[in-house]
Peer 1: 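Provided herewith is a single structure, encoded as structure tokens, for subsequent inquiry.
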Amino acid sequence: MTVRTRFAPSPTGFLHIGGARTALFSWAYARKFKGQFILRIEDTDVARSTPEAVQAILDGMSWLGLDWNEGPFYQMQRMDRYKEIIQKMLTEGHAYLCYSSKEELDALRERQMQDGIKPRYDGRWRPEDGKVFPEVPVGVQPVIRFKNPKAGLVEWDDLVKGHIAISNEELDDLIIARGDGTPTYNFCVVVDDWEMGITQVIRGDDHVNNTPRQINMLKALGATIPQYAHLSMILGDDGQKLSKRHGAVSVMQYNEDGYLPEAILNYLARLGWSHGDDEIFNMKQFCEWFDLDHITPSAAQFNTEKLNWINAHYIKQADLNALAIDINKRLMAKAIKTDGGPALNGVISLYRDRANTLNDLATSIEYFYSQPIADAAAVEKHLPNEILPIIKTMLAELSSTDWTAEAIHGVIEQTVLKNALKFPKVAMPLRVMVTGGAQSPSIDAVMQLLGKEETLKRMSVFCA
RNA sequence: GUCCCCAUCGUCUAGAGGCCUAGGACACCUCCCUUUCACGGAGGCGACCGGGGUUCGAAUCCCCGUGGGGACGCCA
């Protein structure tokens, strides 16, 4: 049987890191088995779903390069089909009308909590032999409930967590259609997973408790039951749960922050899944290696430090021209123009090994394209007055030097020799004058790239 | 409260009864390289939640405890 997996986000917000990993794993599983990956938008919560969120999810997926074979399917467009099936369940006795009001149910729930039992619907409108029902209240739009089996065990072999069994006594008759007739999540998932022929449902841990209900509905419908794989959640950097209020950010934020999609993907792949000691691998490799057997059942804490390390790795590997285009954009966003300045490719080559993010990289090379503001502490430390005469002499010598790194290096070395100094005594003042700070790659390489005119100009400012 | 799940270095993880005096990676520390800072290289620090079993032998299997998490919506 062909593997068919799906990613089924609800468009109530952006694609965050947890959703991205779920999508990645579902995608990789389908790719590994040459199957299909399906994207389905679960937008039945009309009040909270927005077209902006749909777009944000699509953007996130495409930035990461997670492509799908079918869809996106929108559940709101499948209303007719859901209603048809609900009608069928009603006729077949798998579902029934319930006239309990929300207030009534809230009160029930509260009482049950107080009594220390699991809150659940008590089945007051559930049709049973010889049962006498209360009078049907007027003006109440009934909801439709699934008639869950009362006894027995629901069990499945979770591909991540192993065998799980839950007693039907723990389950109540869940609502499958609201008062206004729109079907609810648990029902739509069941119908869609069934009709879309999903073979492996790979989703978040928070759905474990929905699984037995879904299996019961699948059984009532005579549907094939897919395999389930429940992924543990991703905790924030601080070990706390990610939520809208705390730490959950859009994957697109990582784009803005200067992370490469390859790095995010590679990092996410290793969060909760492993292949021996392998740390760095591309998506082609990942799709070959990926399996559900090596997924950790416990929650994983997000670690930005490690992400940074992986990102730095991919920056070193990245195509130089692509890097230049990206960095140029980031500089432009800060109103720094690179045309007319030193060639970006050269500058980036000099700096790419030192950056954790593209933003770091962009920031570190800003001084090539705009006047640096000299760091006062660095000036104080590396530019003592007694060095100025030496700098002046060097300035004169440099103005008649061929502008190659070797020639520049030669001038510095001669100066060092003539004045019986250590190399840094001359290199550091130059670094501060030219870059504005005390850290940079080889100063001769920097000066060469910056250009003769600009370098001498920056030096003379300090010699005035 | 009830049900379900989880538990190896600070973090991500390897580990499917002997290969484990527990391996790798990030971070941290030391040294080397060096023109500063990085990069890179070489070392180092650092963990099987506790208690009972099972077994010749347990990080690995079982039970209990403890701790953490999730679910209990006319949300998904």
Side-chain angles (χ1 to χ4, degrees), chain A residues 8-12 42-45 47-49 75 98 100-102 105-106 109 112-120 141-145 158 160-162 164-167 169-172 174-180 182-186 188-189 203-212 230 232-233 235 237 239 241 267 270-280 293-294 296-310 312 316 351-356 364 378 382 409 412-413 416 422-428 430-432 435 437-444:
Chain A
S10 71
T12 54
E42 311 220 317
D43 53 358
T44 51
D45 185 351
R48 290 197 290 170
S49 298
Q75 291 189 320
C98 165
S100 297
S101 68
K102 283 182 195 177
L105 295 171
D106 287 345
R109 202 166 12 247
Q112 289 167 325
M113 287 279 242
Q114 270 173 8
D115 293 350
I117 56 171
K118 189 173 185 167
R120 76 255 260 194
Q141 281 297 313
V143 299
I144 299 169
R145 286 184 186 270
D158 197 279
V160 173
K161 293 181 183 286
I164 298 178
I166 288 164
S167 165
E169 288 166 26
E170 295 297 328
L171 273 24
D172 63 358
L174 75 156
I175 293 173
I176 58 175
R178 304 177 175 91
D180 66 5
T182 57
T184 59
Y185 163 75
N186 270 298
C188 299
V189 174
R203 66 195 349 175
D205 207 322
D206 47 337
H207 288 291
V208 169
N209 292 274
N210 290 324
T211 308
H230 288 100
S232 297
M233 45 190 274
L235 273 20
D237 243 328
K241 187 194 171 184
Y267 177 72
R270 277 292 283 109
L271 204 56
W273 176 84
S274 60
H275 184 266
D277 288 339
D278 294 304
E279 296 286 350
I280 301 279
D293 300 336
H294 291 84
T296 324
S298 55
Q301 189 170 318
F302 194 87
N303 186 223
T304 306
E305 303 271 15
K306 186 159 180 183
L307 206 214
N308 284 344
W309 172 72
I310 294 183
K316 291 185 191 105
Y351 267 92
R352 69 189 315 184
D353 287 356
R354 335 161 65 85
N356 281 335
S364 66
H382 300 293
H409 188 261
I412 300 174
E413 209 154 50
V416 165
K422 296 264 193 213
F423 199 99
K425 281 282 175 218
V426 179
M428 288 312 289
L430 282 174
R431 184 145 22 228
V432 174
T435 73
Q439 293 98 43
S440 85
S442 252
I443 190 59
D444 39 32

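What you are looking at is a predicted structure, and each value in this text was computed from that prediction instead of being measured.
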Peer 1: Within a 6.0 Å radius of atom CD on E169(A), are there more than 12 heavy atoms belonging to other residues, nucleotides or ligands?
Peer 2: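 Not more than 12 within 6.0 Å, no.
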Peer 1: Which part of the nucleic acid does K422(A) contact within heavy-atom distance under 4.0 Å: base, sugar-phosphate only, or nothing?
Peer 2: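 No contact at all - K422(A) keeps every heavy atom at 4.0 Å or more from the nucleic acid.
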Peer 1: Who is the Watson-Crick or G-U wobble partner of rC26(B), with both distances under 3.5 Å?
Peer 2: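 Result: rG10(B).
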Peer 1: In whole angstrom, give me the gap between the C1' atoms of rG24(B) and rG65(B).
Peer 2: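 About 33 Å, rounded to a whole number of Å.
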Peer 1: Write down the atom of K316(A), the atom of D353(A), and the distance for their closest heavy-atom approach.
Peer 2: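 That closest heavy-atom pairing would be CG-OD1, 3.5 Å.
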Peer 1: Select one nucleotide: of rC72(B), rU35(B), rC26(B), the one nearest the side-chain heavy atoms of W309(A).
Peer 2: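 Looking only at heavy atoms from C-beta outward on W309(A), the closest nucleotide is rC26(B).
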Peer 1: For a quick check, tell me whether the side chain of E279(A) and the base of rG24(B) share a donor-acceptor pair closer than 3.5 Å.
Peer 2: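 Such a pair exists between side chain and base.
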Peer 1: Hey, which sits more toward the 5' end of RNA chain B by its nearest nucleotide, M428(A) or P9(A)?
Peer 2: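 On the 5' side of the pair lies M428(A).
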Peer 1: Calculate the interatomic distance between D106(A) atom CG and rC72(B) atom P; express it in whole Å.
Peer 2: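 Atom CG in D106(A) sits about 14 Å away from atom P in rC72(B).
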Peer 1: Within this structure, what is the CD-to-P distance between Q301(A) and rU13(B), rounded to whole angstrom?
Peer 2: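 Whole-Å distance recorded here is 10 Å.
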Peer 1: At a cut-off of 3.5 Å, list every protein nitrogen or oxygen paired with a nitrogen or oxygen from nucleotides 3-6 of chain B, distance to 0.1 Å.
Peer 2:
{"residue": "rC3(B)", "atom": "O4'", "partner": "E170(A)", "partner atom": "OE1", "Å": "3.4"}
{"residue": "rC5(B)", "atom": "O2'", "partner": "K161(A)", "partner atom": "NZ", "Å": "2.9"}

Peer 1: Tell me which nucleotide among rG70(B), rC12(B), rU35(B) gets nearest to the side chain of M233(A).
Peer 2: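 Of all the options, the side chain of M233(A) is nearest to rG70(B).
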Peer 1: Which of these nucleotides, rC74(B), rC12(B), rU35(B), is closest to any side-chain atom of R431(A)?
Peer 2: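 Among the listed nucleotides, the one closest to the side chain of R431(A) is rU35(B).
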Peer 1: Which is true for T44(A) with a 4.0 Å heavy-atom rule: it touches a base, it touches only sugar-phosphate, or it touches nothing?
Peer 2: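 Sugar-phosphate: the residue T44(A), judged by heavy atoms under 4.0 Å, touches backbone atoms but no base.
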Peer 1: Say you pick atom P in rC29(B) and the same atom in rC5(B); how far apart are they, in whole Å?
Peer 2: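 After rounding to an integer number of Å, I get 42 Å for this pair.
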Peer 1: Roughly how many Å is it from NZ in K306(A) to C1' in rA25(B), rounded to a whole number?
Peer 2: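 In whole Å, rA25(B) C1' and K306(A) NZ are 4 Å from each other.
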Peer 1: Give me the atom names and distance for the closest heavy-atom approach of R109(A) to P119(A).
Peer 2: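 Closest heavy-atom pair between R109(A) and P119(A): CG-CB, 3.4 Å.
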Peer 1: Determine whether V208(A) and K161(A) make a side-chain contact, defined as any pair of heavy atoms from C-beta on separated by less than 4.5 Å.
Peer 2: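 They are in contact (side-chain heavy atoms under 4.5 Å apart), so the answer is yes.
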Peer 1: Closer than 4.0 Å, any side-chain N/O of K241(A) to the OP1 or OP2 of rG70(B)?
Peer 2: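 Yes, such a contact exists.
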Peer 1: Could you write out each protein N or O paired with an N or O of nucleotides 14-16 of chain B at a distance under 3.5 Å?
Peer 2:
{"residue": "rA14(B)", "atom": "OP1", "partner": "S274(A)", "partner atom": "OG", "Å": "2.7"}

Peer 1: Within the structure shown, what part of the strands sits under 4.0 Å from D278(A) by heavy-atom distance: base, sugar-phosphate, or nothing?
Peer 2: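 Nothing, no nucleic acid heavy atom in range.
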Peer 1: Tell me whether the OP1 or OP2 atom of rA76(B) has a side-chain N or O from R48(A) closer than 4.0 Å.
Peer 2: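 No, R48(A) has no side-chain N/O under 4.0 Å of OP1/OP2 on rA76(B).
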Peer 1: If I take atom CD from residue Q112(A) and atom CG from residue D172(A), how far apart are they, to the nearest 0.5 angstrom?
Peer 2: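 Rounded to the nearest 0.5 Å, the CD-CG separation comes out at 8.5 Å.
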Peer 1: Send over the distance from L235(A) CG to rC12(B) P, rounded to a whole Å.
Peer 2: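 After rounding, the reported distance stands at 8 Å.
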Peer 1: Checking D205(A) side chain against H230(A) main chain: does a donor-acceptor pair fall under 3.5 Å?
Peer 2: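 Not confirmed, D205(A) side chain does not pair with H230(A) backbone.
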Peer 1: Decide, yes or no, whether a salt bridge links E279(A) with K306(A) under the criterion of side-chain N to carboxylate O below 4.0 Å.
Peer 2: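 Judged by the 4.0 Å cut-off on N to carboxylate O distance, E279(A) and K306(A) do form a salt bridge.
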Peer 1: Closer to the 5' end of RNA chain B via nearest nucleotide, is it S440(A) or C98(A)?
Peer 2: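 Checking each residue's closest nucleotide, the 5'-ward one belongs to S440(A).
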Peer 1: Once you apply a heavy-atom cut-off of 4.0 Å, does R120(A) come out as touching a base, just sugar-phosphate, or nothing?
Peer 2: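 Result for R120(A) = nothing.
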Peer 1: Can you name the closest pair of heavy atoms from R203(A) and V189(A) and give their distance?
Peer 2: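 For R203(A) versus V189(A), the nearest heavy atoms are NH2-CG1, 4.0 Å.
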Peer 1: For rG40(B), what is the paired nucleotide under Watson-Crick or G-U wobble rules, both distances under 3.5 Å?
Peer 2: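 Pair assignment: rG40(B) / rC32(B).
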Peer 1: Please round to the nearest 0.5 Å and tell me the distance separating atom OG of S100(A) and atom CZ of R145(A).
Peer 2: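 S100(A) atom OG to R145(A) atom CZ measures 6.5 Å (nearest 0.5 Å).
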Peer 1: Identify the nucleotide, in any strand shown, that forms a Watson-Crick or G-U wobble pair with rG65(B), with both distances under 3.5 Å; if there is none, say none.
Peer 2: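 When the pairing criteria are applied, rC49(B) turns out to be the nucleotide that pairs with rG65(B).
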Peer 1: When all nucleic acid strands are considered with a 4.0 Å heavy-atom cut-off, which category describes G437(A): base, sugar-phosphate, or nothing?
Peer 2: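 The residue G437(A) makes no contact with any strand.
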Peer 1: For atom P, what is the distance between rA25(B) and rG43(B), given to the nearest Å?
Peer 2: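 Approximately 10 Å lies between the P atom of rA25(B) and that of rG43(B).
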Peer 1: Let's test this: given Watson-Crick or G-U wobble pairing with both distances under 3.5 Å, identify the partner of rA71(B).
Peer 2: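 When the pairing criteria are applied, rU2(B) turns out to be the nucleotide that pairs with rA71(B).
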Peer 1: Over all strands shown, is L271(A) touching base, sugar-phosphate only, or nothing at heavy-atom distances under 4.0 angstrom?
Peer 2: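 Counting heavy atoms under 4.0 Å across all strands, the contact made by L271(A) is with sugar-phosphate only.
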Peer 1: What distance, rounded to whole Å, do you find between the two C1' atoms, one in rA7(B) and one in rG15(B)?
Peer 2: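 About 15 Å, rounded to a whole number of Å.
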Peer 1: Between rA76(B), rU35(B), rC12(B), spot the one nearest the side chain of A300(A), thanks.
Peer 2: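 Of all the options, the side chain of A300(A) is nearest to rC12(B).
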Peer 1: Report the distance from atom CE of M113(A) to atom C1' of rC72(B), rounded to the nearest whole Å.
Peer 2: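 The distance from CE of M113(A) to C1' of rC72(B) comes to 7 Å, rounded to the nearest Å.
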Peer 1: Could you check whether T435(A) gets within reach of a base, just the sugar-phosphate, or nothing at all, counting any heavy atom under 4.0 Å?
Peer 2: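 No contact.
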Peer 1: Is D158(A) reaching over with its side chain to a backbone N or O of V160(A), donor-acceptor style, under 3.5 angstrom?
Peer 2: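 A pair under 3.5 Å: yes.
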Peer 1: If I take atom CD in residue Q439(A) and atom C1' in nucleotide rU34(B), what distance separates them, rounded to the nearest angstrom?
Peer 2: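 That distance rounds to 15 Å.
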Peer 1: Send over the distance from L105(A) CG to rG73(B) C1', rounded to a whole Å.
Peer 2: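 After rounding, the reported distance stands at 10 Å.
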Peer 1: If I take atom CZ in residue R203(A) and atom P in nucleotide rA76(B), what distance separates them, rounded to the nearest angstrom?
Peer 2: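 Those two atoms, CZ and P, are 13 Å apart.
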Peer 1: Hey, does the side chain of S232(A) reach the backbone of P297(A) with a donor-acceptor pair shorter than 3.5 angstrom?
Peer 2: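 Yes, S232(A) side chain to P297(A) backbone: donor-acceptor pair under 3.5 Å.
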Peer 1: Could you pull out the closest heavy-atom pair between G179(A) and V143(A), with the gap in Å?
Peer 2: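 Residues G179(A) and V143(A), closest heavy atoms: N-CG1, 3.6 Å.
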Peer 1: I'd like to know if the side chain of D237(A) and the backbone of T304(A) have a donor-acceptor N/O pair within less than 3.5 Å.
Peer 2: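 Checked: pair present.
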Peer 1: Please report the interatomic distance CD(Q75(A)) to OH(Y185(A)), rounded to the nearest 0.5 Å.
Peer 2: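 Interatomic distance, Q75(A) CD to Y185(A) OH, rounded to 0.5 Å: 9.0 Å.
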Peer 1: Please determine, for the side chain of P119(A), which listed nucleotide (rC72(B), rU35(B), rG24(B)) has the closest atom?
Peer 2: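 From the listed options, rC72(B) comes nearest.
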Peer 1: Pick base, sugar-phosphate or nothing for H207(A), based on heavy-atom distances below 4.0 Å to the nucleic acid.
Peer 2: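 Base contact.
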Peer 1: Using the 3.5 Å cut-off, write out each protein N or O paired with an N or O of nucleotides 28-33 of chain B and the distance between them.
Peer 2:
none

Peer 1: Distance between the C1' atoms of rA14(B) and rU8(B), in whole angstroms?
Peer 2: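 Those two atoms are separated by 10 Å.
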Peer 1: Using the C1' atom as the point on both nucleotides, what is the distance between rC6(B) and rC48(B), in whole Å?
Peer 2: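 These two C1' atoms come out 15 Å apart once rounded.
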Peer 1: Could you grab the distance from atom OG1 of T182(A) to atom CD1 of I176(A), nearest 0.5 Å is fine?
Peer 2: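 Output value for this atom pair is 12.0 Å.
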Peer 1: Between rA71(B) and rU30(B), how many Å separate the two P atoms, rounded to a whole number?
Peer 2: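 It works out to 44 Å between them.
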Peer 1: Please find the pair of heavy atoms, one from D444(A) and one from H409(A), that lie closest to each other, and give the distance.
Peer 2: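 Reported closest heavy-atom pair: OD2-CD2, 2.8 Å.
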Peer 1: In whole Å, what separates the C1' atom of rC32(B) from that of rU21(B)?
Peer 2: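 The answer is 30 Å between these two C1' atoms.
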